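Bear in mind that the values here come from a model prediction, so they are computed numbers and not experimental data.
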Amino acid sequence: MGNTYVIVAETRGGRLRQVSLEAVQAAVLASRDEDKLIALLLGHQLQEAATELARYVKDQVMVIDHPDLAMYQAEAYLAALAPALDQLQPHTVFFGHTAIGRDLAPQAAAHLNAGQISDVIAIAQTDDTVSYTRPLFAGKAFENRKFTASPQIITIRPNNITPAQPTPAPAEISELTYSPSPSLRTVIKEVVSKSIGRIDLTEAKVVVSGGRGVKSKAGFQPLEELAELLQGAVGASRGACDAGYCDYSLQIGQTGKVVTPEIYIACGISGAIQHLAGMSQSRIIIAINKDPEAPIFKVADYGIVGDLFEVVPLLTEEFRKVLSITS
Amino acid sequence: MNIFVILKQTFDTEEKISIQDGKIAEDGVKFIVNPYDEYAVEEALRLKEQHGGTVTVVSVGPERAAEALRTALAMGADEAVLIASDHPDYDEFSISTLLAAYFRDKAFDLILGGYFSVDSGGGQTAIRLARLLDIPHTSAITELQISQNKATVIRDAEGDAETLEISLPALFTAQQGLNEPRYPSLPGIMKAKKKPFLTLDLQQLHLTDAEIAPRTTRLSLSLPAARKSGRILQGTAQEQTSELVNLLRNEEKAI
């Protein structure tokens, strides 16, 4: 008899996140044919997302739908997840390495007394070993790890594992109940959503990033226009964040976020080692900088030496022309 | 208030990484307090200045980690505890079990740590510790206020700002933007030498090797392939941008 592999899926703005389909694929890669794949979906008003998820999961989708789970809250989510895990006795549990997964996975690991391998970018199965590749120092080095015991917990870095393909027949969907405990010690008071309708930096296919060369908060405007046109996200270097041009949540680097988009456009970023660690695994890197000696050009596939305030709007226009022909 | 900060010593973020005999080479490397943990130390000191109490900094690591704890003492922490371990294979399960054993008989109102460490970057240890101690936690906070027995925090969730109220004792992990850490002053550095510094080992924590045996292990280590040097586009800005879009479309098939 096989083991049970559980994927903890999540939604953003009511829609299933792509990283959750990547986590499903991670479970496919780590398991064998005889194993059972079950996805758990926590939140509120999940019908659409559950139907979508069921197309990709081999065996079962279990939904825990409750108004109190509409927003992620550490204690409530663990209270909802723990009984499901106790019941399923999983061999391995997969999460996205997202704001939710990063917080919920270690809680689940402690609950199950399990090991966890975080921020996995590749999975390989040979004979009787499954090895997980993950970055160290934000990508200055990589390690392969394996588990020495089960249960096992994994978080998957967005944009690195190909999303799962639909299965021949959709999985069965069932509901699990959640009764909120009156003894929760955490209360959500307010949420200021700055990200409505925007794709998260770590999941974006295109990242347009600004450094000190952007010179001011307003200087990010042309970058935002380019990102919006390409349905991407805006990022920043530490220099730009420290100078107060943008929010720290945009920072890319060894401190900050690690991104691996298809296209990374660095505007006015010199390329400090700690920044390069956060973006050098992107597929195509484009650098725009006044200084031809800037270290960023050493990792860039294409470089434009010039003033970003002249180049970026021109680039946006060129993209607009091409995209309008296609669509 | 009894405030504890868990911290880790890491490589400076400007260090390049090299591999020697299958291990990360440490020769000549500059070590620092993990930047996220430094925010936690600073926040603890500010809370102490506001509410009174003591700040104890705790680390699990090899002998060299004592220097990171001394930096925290020089910033203004009152006591330091080093759980001595030069076991390179300890994973987050091991470390959080060690920390939980240390905290089990301690009276604390607040435990602060960093959102993640800039070296192994798993982001597990602090959250695991909160679970093991059965106290509530919030990760990635950018603001913290204490009033009576409650903390009000702002959590950064992929750019959204969530305001939460949590009853103490609780654990929080610091995100960038929480504060601007102070530099140790010269008198601070002098005073740090006389502050209590406790070193503990497994036996003193009543733990056996088996109880903290790692659940994961490293199979291999590698460096990323160097990126091939790219191409600087030529011509006017108009020509360069036009060529770039053309390349992305026709050669890279990226758009």
Side-chain angles (χ1 to χ4, degrees), chain A residues 74-75 99 102-103 106-107 109-111 114-119 131 136-149 185-195 200 248-249 251 254-255 262-263 273-274 280 284 298-306 310-311 314-315 318-319 322, chain B residues 11 13-14 16-17 24 35 91-93 96 118-124 127-128 131-132 136-139 156-167 176-177 214-224 227 229-233 237-238 240-242 244-245 247-249 252 254-255:
Chain A
E75 273 190 292
R102 290 169 81 146
D103 197 71
Q107 291 192 74
H111 175 76
Q116 179 181 329
I117 300 180
S118 304
D119 207 13
S131 83
L136 292 169
F137 304 94
K140 290 176 183 174
F142 292 89
E143 64 171 344
N144 286 318
R145 292 190 82 81
K146 68 163 187 170
F147 288 94
T148 52
R185 296 159 292 189
T186 313
V187 185
I188 302 174
K189 298 303 245 189
E190 192 197 1
V191 179
V192 180
S193 189
K194 297 181 246 176
S195 64
D200 180 56
Y248 276 110
S249 61
Q251 186 172 320
Q254 200 173 350
T255 49
E262 279 285 295
I263 305 179
I273 288 173
Q274 89 103 6
S280 52
I284 305 165
K298 291 206 178 83
V299 300
D301 299 285
Y302 302 104
I304 293 181
V305 179
E310 185 193 358
V311 173
L314 281 172
L315 192 56
E318 286 298 324
F319 274 120
V322 174
Chain B
F11 280 34
T13 53
E14 284 303 310
K16 288 185 176 159
I17 304 299
I24 305 269
D91 64 2
E92 295 88 344
F93 167 83
S96 56
V118 297
D119 49 9
S120 55
Q124 301 176 30
I127 297 173
R128 281 175 176 270
R131 284 284 18 95
L132 295 174
H137 81 276
T138 303
S139 57
D156 165 42
E158 292 175 355
D160 288 351
E162 304 170 356
T163 305
L164 301 136
E165 204 177 79
I166 296 197
S167 59
Q176 278 181 303
R215 297 288 202 257
T216 63
T217 182
R218 180 181 289 167
L219 295 165
S220 63
L221 197 60
S222 63
L223 295 178
R227 288 190 80 97
S229 57
R231 181 166 148 194
I232 301 288
L233 302 173
Q238 179 67 63
Q240 292 178 56
T241 51
S242 168
L244 176 59
V245 172
L247 285 165
L248 290 176
R249 189 172 179 71
E252 302 279 5
I255 50 161

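For a residue to count as touching a neighbouring chain, one of its non-hydrogen atoms must lie under 4.5 Å from one of that chain's; by this rule A/I263 touches chain B with the side chain only. Contacts between B/P35 and chain A at a heavy-atom distance below 4.5 Å involve the side chain alone, from C-beta outward. Using a 4.5 Å cut-off between heavy atoms, B/D156 touches chain A through its side chain atoms alone. Interface residue A/A149: backbone and side-chain heavy atoms are both found under 4.5 Å from chain B. Contact annotation for B/I232: both backbone and side-chain heavy atoms come within less than 4.5 Å of a heavy atom of chain A. Residue B/L244 touches chain A through its side chain alone, counting heavy-atom pairs closer than 4.5 Å. Only the side chain of B/E92 comes within less than 4.5 Å of a heavy atom in chain A; its backbone stays farther off.
At least one donor-acceptor pair under 3.5 Å links the side chain of A/Q274 to the backbone N or O of A/Q254.
Top candidate by heavy-atom pairs under 4.5 Å with chain A, chosen from B/A237, B/S222, B/G230, B/S167, is B/S222. With chain A as the partner, the residue from B/T13, B/L233, B/I166 showing the most heavy-atom pairs under 4.5 Å is B/T13.
Contact detail for A/V305 and B/Q240: the closest heavy-atom pair is N-OE1, 3.9 Å. The shortest non-hydrogen separation linking B/L248 to A/I284 is CD2-CG2, 4.0 Å. Contact detail for B/Q124 and A/S118: the closest heavy-atom pair is NE2-OG, 2.9 Å.
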Between A/R102 and A/D119, does a salt bridge (Lys or Arg N to Asp or Glu O under 4.0 Å) hold up when you go through it step by step? CA-CA 9 Å; A/R102 290 169 81 146; A/D119 207 13; over 6 Å; no
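A/T186 and A/E75 form a side-chain donor-acceptor contact under 3.5 Å, judged by distance and modelled atom types alone.
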